[in-house]
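Let me give you the structure first, and then I'll get to my questions.
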Amino acid sequence: MIMENIDLHDLVSLSCTCKLMHAVVNEFGWSAYLRRHQRQSFTLHTARARWSSVAQVRYNTLADRSWSCAKFIARPLCRPWLGNLQPVLAASFSRLLVAAGVVVYSYAIRAPFTRGHGSRLVYEGSYSFTLGLRSPEHDVTSIAFVHDSAEDHTVSIGFEDGCVEQLYLPPHRGSNFRQRIIIKRSPTKALHFHEKEVVCLSYSRGSLLSLSSWGSISLSDLSLPSAPTATLQLGVRSWSSHLCTTASTPYAAFGITCTTHPTPLLLHYITPSGLLPTASLLLDSPRHRPSAVYGIAKPPPSSPLGSPDQIVVSGWYDGAVRVHDLRAGERAASSDEGTTLNPVLTLQDPWSPEPVYCVSCGGGSASFVAAGTARYSVVAFWDVRKPTKGWSVHAPGNDSSPVYSVVLESSRLFGVTQSRSFVYDFGPGVTEETYPLIPVTGSRLDRQLSPKDDGVNFSVLTYHHSRTGV
């Protein structure tokens, strides 16, 4: 009971007093500390299951220390793609998927060679989707893992032609390893069909939400295939969505272009009868001018922001990231247009007015927000405990592209530009074997890749948002 409330330094001191206390802390103290300080880690989930509690605390502490001083390893994950694409990411406990054009690249997550070091990413191969001979190809525009018992091989994929299909990705084995597997699409069996491209997929506890570029919404319960699909039409240019079925009142949030609507961020509650047709909350900004919301996320467990199900983090066209707390009733105002809720926190890079294209939450102490911006492959970071002390970093290669998608976990950030995927790793023990080897050539897209002498890290440009740094 005493150790339930002891902080990290006191636990270390207690374990050093004698052999008995060392054994007691190892058996009870570190596991209690982990329960109070959870870390969301897709790619570390399998490795953590094999580590002792003290090894997990040690890894988290070293990673948190690196976050506090913006110290990380930067690496590209692939050779540059041909053409300017708009890729998307999806991460699970067993693999990372990068969808670029009509191809999905798969990276398997392997146990580390050394206990207490981050897991390895191994390139498995790729998948290409076709409608058949002489049929036009359509890009993958969104992707989400669907819970299955086949080691994360089932995904829902949204395509440029408006179809949302549930597909099985066969494993790359034997002669197929690192090769491309061709998968035949079945649009006639699509889960959802929209007249415009699918811009976003959200999956939460068996429910799948899809959103098209012109505001067509479909919501299905995949655990009940016979259940009807709920639909809704926003009738405006739409960009992003977020589904939360774990809240006391489930909801879906939508990012749109603010023209006729009073705000570009709408929240619709979900009742047993389906998605409410009118917005239950208008998540507003003090700046009353037309805007758009391109990315929506929620914080991880143990975030200083509070309950993840009650927090909505969004990236806006004006370059700001706004945090709305659905419990903040004193910030709500009612009008004929609906109930409006102002943000509790606004994060912005004072040196960059670029729109925010995507957001994700996690990082050190579960307190960071990452935002991919519209130009120069810049990712901005803020610690919500020190919101004015943010910093930004250019992706390896310094492409002139937006960062289209980011996935942030406890010690890693994965991102994609129009040319390549990349990773920032804040954890200890990164080696040449942790990530795929990417030879640097003399091609135009490789000229600005600058490997460091250690053979692990790549040089990237970082700058602080405040003159005093972090």
Side-chain angles (χ1 to χ4, degrees), residues 37-38 40 64 67-68 70 239-240 242 244 247 251 253-255 258 262-267 280-289 291-333 339-373 378-393 403 406 408-410 413 464-470:
H37 301 84
Q38 298 180 46
Q40 179 173 275
D64 290 352
W67 276 102
S68 65
W239 303 98
S240 56
H242 169 65
C244 180
Y251 63 85
F254 303 100
C258 181
T263 175
L265 187 54
L266 313 174
L267 187 143
S280 308
L281 285 175
L282 308 175
L283 306 185
D284 205 358
S285 161
R287 298 184 179 184
H288 295 287
R289 63 181 184 181
S291 188
V293 170
Y294 295 142
I296 310 174
K298 71 173 184 178
S302 300
S303 169
L305 292 172
S307 172
D309 296 336
Q310 300 299 319
I311 302 295
V312 177
V313 181
S314 53
W316 293 51
Y317 173 80
D318 62 6
V321 172
R322 293 184 170 90
V323 179
H324 288 85
D325 189 337
L326 305 184
R327 303 164 297 182
E330 68 277 3
R331 291 177 177 263
T339 302
T340 302
L341 191 65
N342 285 326
V344 296
L345 180 64
T346 299
L347 307 168
Q348 194 153 17
D349 177 358
W351 309 113
S352 173
E354 301 297 337
V356 172
Y357 272 28
C358 53
V359 290
S360 189
C361 304
S365 302
S367 64
F368 278 78
V369 174
T373 63
V378 171
V379 179
F381 294 95
W382 297 271
D383 186 336
V384 298
R385 301 167 300 180
K386 299 179 290 183
T388 62
K389 301 286 187 179
W391 50 278
S392 294
V393 56
V403 175
V406 290
L408 179 61
E409 53 181 26
S410 64
L413 175 126
H464 298 294
H465 298 172
S466 65
R467 296 184 183 276
T468 58
V470 294

Reported CD1-to-SG distance for the pair Ile296 and Cys244, which is rounded to 0.5 angstrom: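 One finds 12.0 Å between CD1 of Ile296 and SG of Cys244.
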Between CZ on residue Arg385 and OG on residue Ser68, distance to nearest 0.5 Å: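 Taking CZ in Arg385 and OG in Ser68, the distance rounds to 8.5 Å.
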Leu282 side, atom CG; Leu341 side, atom CG - distance, nearest 0.5 Å: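 Leu282 atom CG to Leu341 atom CG measures 9.5 Å (nearest 0.5 Å).
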Whether Trp67 and Phe368 hold their rings parallel, tilted or perpendicular, with breakpoints at 30° and 60°: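 Aromatic pair Trp67/Phe368 classed tilted.
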Sole candidate of Glu354, His465, His464 that passes side chain to side chain contact (heavy atoms under 4.5 Å, CB included) when paired with Ser392: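 Exactly one pass, corresponding to His465.
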Qualifying residues under side chain to side chain contact (heavy atoms under 4.5 Å, CB included), relative to Ser291, sequence neighbours excluded: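 Checked Ser291 against side chain to side chain contact (heavy atoms under 4.5 Å, CB included); matches are Pro264, Trp316, Tyr317.
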Gln348: side chain to side chain contact (heavy atoms under 4.5 Å, CB included) partners, not counting sequence neighbours: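 In terms of side chain to side chain contact (heavy atoms under 4.5 Å, CB included), with neighbours along the sequence ignored, Gln348 is linked to Arg287, Ala320.
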Stepwise side-chain contact (heavy atoms from CB on, under 4.5 Å) test for Leu283 and Leu281: CA-CA 6 Å; Leu283 306 185; Leu281 285 175; 4.2 Å; yes
side-chain contact (heavy atoms from CB on, under 4.5 Å) assessment of Ile311 paired with Arg327: CA-CA 8 Å; Ile311 302 295; Arg327 303 164 297 182; 4.0 Å; yes
Backbone of Pro304 reached by a side-chain donor or acceptor of Ser367 within 3.5 Å: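 No.
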Results of side chain to side chain contact (heavy atoms under 4.5 Å, CB included) for Ser410 - residues two or more places apart only: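 Result, side chain to side chain contact (heavy atoms under 4.5 Å, CB included) vs Ser410: Arg39, Ser41, Leu44, Arg48.
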Leu305 CG to Lys298 NZ distance, which is reported to the nearest 0.5 Å: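 With rounding to 0.5 Å, CG (Leu305) is 13.0 Å from NZ (Lys298).
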